[in-house]
Amino acid sequence: MPQHDGMKRMPMKKFMAVVGEAIDSLPEAIKRHLDNVVIDVEDAPTHDFLRDAGFTDEEIAAGETVYGYFMPLGVDTSDLDMLDSPNRILIFKYPLEEDFPDPRELRIEIRKTVVHEIAHHFGWTDRDLERFDDNPDPFGDQG
C-alpha cells in the first residue's frame, strides 16, 4: 500500500484505539442504540468490495475508495437473525492514512468517518451528511 513520503503509519492497535475513542465520545443516547452494530477496522477495501459498493473499474483504477462502509442487515431479517448478524460498520485504515498524513487531521477524519457510518445506522443518507462531511473539523474539540 503506498504511503506519503516520510509518513509513518499508525500501528493498527493505535488506530483501533482512536476508533474506540470516537465511539466512546458519542452521547449515551446514541450509544445505547448500537447494541446490534459491529464496528470493525480493516486495512483497505478490496477491488471486489469496491465493485460491490458500486465503483466502476475506472474509478477504482483512478484511486477512488471509501474510508468507511455501513453494511445493514437484510430487510427480511428476523429478531433471532439480528443476534447472529448485526449491522456492520467497516473503517478502512490505509485510505484514511493516505489522504490525511497529518496526525491531527487523521484523528479528526477517523472520528468523522465513525460518526458518518453510525449515522447511516440511524437512516441518514450521504446527502443528509454533506454539511457535516464538508466541515474540516465539525467537532471543534480535537487537539
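Sequence positions, counted from 1, serve as the residue numbers for this chain.
- Partner Y69 forms a ring-ring contact (aromatic ring centres under 6.0 Å, His included) with one of F55, F49, F92 and no other, that one being F49.
- To the nearest 0.5 Å, the span separating CD1 on I30 from NE2 on H121 amounts to 10.0 Å.
- Within 6.0 Å of NE2 in H33 there are more than 12 heavy atoms belonging to other residues, nucleotides or ligands.
- In the hydrophobic clustering of ILVMFWY residues, with side-chain heavy atoms under 4.5 Å counting as a link, I89 and M16 come out together.
- In the hydrophobic clustering of ILVMFWY residues, with side-chain heavy atoms under 4.5 Å counting as a link, L26 and V37 come out together.
- Both L34 and V19 are assigned to one and the same hydrophobic cluster, defined by single-linkage of ILVMFWY side chains at heavy-atom distances under 4.5 Å.
- Cluster membership check: L90 does not share its hydrophobic cluster with Y94, using side-chain heavy-atom separations under 4.5 Å among Ile, Leu, Val, Met, Phe, Trp and Tyr.
- In this structure the side chain of D126 reaches within 4.5 angstrom of the side chain of H120, judged on heavy atoms.
- Looking at M10 and V18, their side chains come closer than 4.5 Å, going by heavy atoms from C-beta outward.
- To the nearest 0.5 angstrom, I108 atom CD1 is 12.5 Å from L96 atom CG.
- There is a path of hydrophobic side-chain contacts, each under 4.5 Å, that joins Y67 to I118.
- Looking at K14 and E97, no side-chain N of the basic residue comes within less than 4.0 Å of a carboxylate O on the acidic one, giving no salt bridge.
- The existence of a salt bridge linking E59 and R51 is excluded, since no basic side-chain nitrogen approaches an acidic carboxylate oxygen closer than 4.0 Å.
- Contact check for M12 versus V41: side-chain heavy atoms found under the 4.5 Å cut-off.
- With rounding to the nearest 0.5 angstrom, the CZ atom of F15 is 6.0 Å from the CG atom of L106.
- Atom CG in D57 sits 10.0 Å away from atom CG in L50 (nearest 0.5 Å).
- Cation-pi geometry between R107 and F100 is not satisfied (NZ or CZ under 6.0 Å from the ring centre, within 45° of the ring normal).
- Distance check: I91 CD1 to E109 CD gives 11.5 Å after rounding to the nearest 0.5 Å.
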